Amino acid sequence: VQLQASGGGLVQAGDSLRLSCAASGRTFSSYVMGWFRQAPGKEREFVAAIEGTGANTHYPDSVKGRFTISRDNAKNTVALQMNSLKPEDTAVYYCAATAGLGYLTAAQYIYWGQGTQVTVSS
């Protein structure tokens with residue numbers, strides 16, 4: 001599976017941004033898709049995950065209620081809608097895919113996109 005993330009940019013606090021991730025391969029719906037972010041000097045952090053059918057989603061408390069992950073299995077895409085952005089959301093955002101049972105840690109993901117920069121100014 002090859003992943004291509006896009007949609008990052010520079011926004012102001014309170015603004016919204018939508019990230020997209022396009023995936024190659026015929027078995028996209030069999031993967032749990034996730035978004036992670038990494039700020040300079042920090043570890044890669046879990047942001048959101050969505051199960052294969054799209055029925056279940058997962059978020060950490062830091063983004064719950066502000067971020068929404070969705071997927072379109074017909075188009076092999078996953079999106080991350082980010083609302084009410086804060087300066088602390090500034091990071092490189094990565095989409096990732098896993099076929100395993102876990103989804104919370106970066107080590108559980110097999111495939112990674114190249115990352116897209118999100119910068120939120122105060």
Side-chain angles (χ1 to χ4, degrees):
V1 176
Q2 291 186 324
L3 304 174
Q4 180 78 30
S6 62
L10 172 63
V11 297
Q12 293 186 331
D15 285 350
S16 298
L17 203 59
R18 184 177 179 87
L19 306 183
S20 296
C21 179
S24 64
R26 300 178 181 177
T27 59
F28 176 73
S29 61
S30 67
Y31 292 95
V32 172
M33 299 299 298
W35 286 95
F36 285 74
R37 65 187 181 188
Q38 189 166 20
K42 295 188 177 181
E43 292 188 354
R44 198 162 291 192
E45 175 189 17
F46 170 70
V47 173
I50 187 167
E51 297 180 12
T53 63
N56 295 304
T57 57
H58 310 276
Y59 307 93
D61 288 344
S62 58
V63 307
K64 193 174 294 183
R66 300 189 298 122
F67 291 11
T68 302
I69 188 171
S70 60
R71 67 189 297 160
D72 184 336
N73 287 339
K75 296 181 178 179
N76 281 15
T77 59
V78 60
L80 184 68
Q81 178 67 41
M82 304 185 294
N83 298 330
S84 302
L85 282 161
K86 305 175 181 180
E88 50 263 44
D89 294 320
T90 295
V92 177
Y93 283 69
Y94 299 88
C95 62
T98 178
L101 296 178
Y103 56 84
L104 285 174
T105 67
Q108 293 170 317
Y109 288 76
I110 305 170
Y111 303 104
W112 290 86
Q114 84 287 5
T116 184
Q117 177 71 46
V118 172
T119 304
V120 184
S121 63
S122 58

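Source: prediction; values computed, not measured.
- Neither Leu10 nor Val92 shares a network with the other; the hydrophobic side chains, linked directly or stepwise wherever heavy atoms of I, L, V, M, F, W or Y lie under 4.5 Å apart, form separate groups for each.
- Going from atom OG1 of Thr57 over to atom CZ of Arg71 covers 11.5 Å, rounded to the nearest 0.5 Å.
- One distance of note links SG of Cys95 with CD of Gln4; it measures 8.0 Å at 0.5 Å rounding.
- Taking the ring centre of Tyr109 as origin, the terminal cationic atom of Arg44 falls outside the region bounded by 6.0 Å and 45° from the ring axis.
- Scored by the side-chain contact (heavy atoms from CB on, under 4.5 Å) test, Ala97 finds Leu3, Tyr31, Met33, Tyr111 as partners (sequence neighbours excluded).
- Cluster annotation: Phe46 and Ile110 are assigned to distinct hydrophobic clusters (Ile/Leu/Val/Met/Phe/Trp/Tyr, side-chain heavy-atom contacts under 4.5 Å, transitive).
- Screening residues 51-86 for ring pair (Phe, Tyr, Trp, His ring centres under 6.0 Å) gives His58-Tyr103 as the qualifying pairs, with residues at least two apart or on separate chains.
- A search for side-chain contact (heavy atoms from CB on, under 4.5 Å) contacts involving Thr105 returns Ala107, Gln108, not counting sequence neighbours.
- Cluster membership check: Val1 does not share its hydrophobic cluster with Val32, using side-chain heavy-atom separations under 4.5 Å among Ile, Leu, Val, Met, Phe, Trp and Tyr.
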Contacts under 3.5 angstrom, residues 77-89 side chains, donor-acceptor by atom type, not counting sequence neighbours:
| unit_1 | atom_1 | unit_2 | atom_2 | d |
| --- | --- | --- | --- | --- |
| Gln81 | OE1 | Arg18 | NH1 | 3.3 |
| Gln81 | NE2 | Asn83 | OD1 | 2.9 |
| Asn83 | OD1 | Ser16 | OG | 2.9 |
| Asp89 | OD1 | Arg37 | NH1 | 2.8 |
| Asp89 | OD1 | Arg66 | NH2 | 3.0 |
| Asp89 | OD2 | Arg66 | NH1 | 2.8 |
| Asp89 | OD2 | Arg66 | NH2 | 3.4 |
| Asp89 | OD2 | Lys86 | N | 2.8 |

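- By the rule that hydrophobic residues join a cluster once side-chain heavy atoms approach within less than 4.5 Å of another member, Phe36 and Leu104 end up as members of one cluster.
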Distance-only donor-acceptor pairs under 3.5 Å for side chains of residues 113-122, two or more places apart:
| unit_1 | atom_1 | unit_2 | atom_2 | d |
| --- | --- | --- | --- | --- |
| Gln114 | OE1 | Ala5 | N | 3.2 |
| Gln114 | NE2 | Ala5 | O | 2.8 |
| Thr116 | OG1 | Gly8 | N | 3.0 |
| Gln117 | NE2 | Ala91 | O | 3.4 |
| Gln117 | NE2 | Thr119 | OG1 | 3.3 |
| Ser121 | OG | Val11 | O | 3.3 |

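- Across Glu45 and Ser62, no two heavy atoms sit closer than the pair OE2-OG, 3.8 Å.
- When atom types are taken as modelled, the side chain of Asn73 and the backbone of Gly52 share a donor-acceptor pair closer than 3.5 angstrom.
- Residues that satisfy the side chain to side chain donor-acceptor pair (under 3.5 Å) test with Asp72, not counting sequence neighbours, are absent from this structure.
- Taking hydrophobic clusters as Ile, Leu, Val, Met, Phe, Trp and Tyr residues chained together by side-chain heavy-atom distances below 4.5 Å, Leu19 shares a cluster with Ile69.
- Heavy-atom minimum distance, Lys42 versus Gln38: O-NE2, 3.1 Å.
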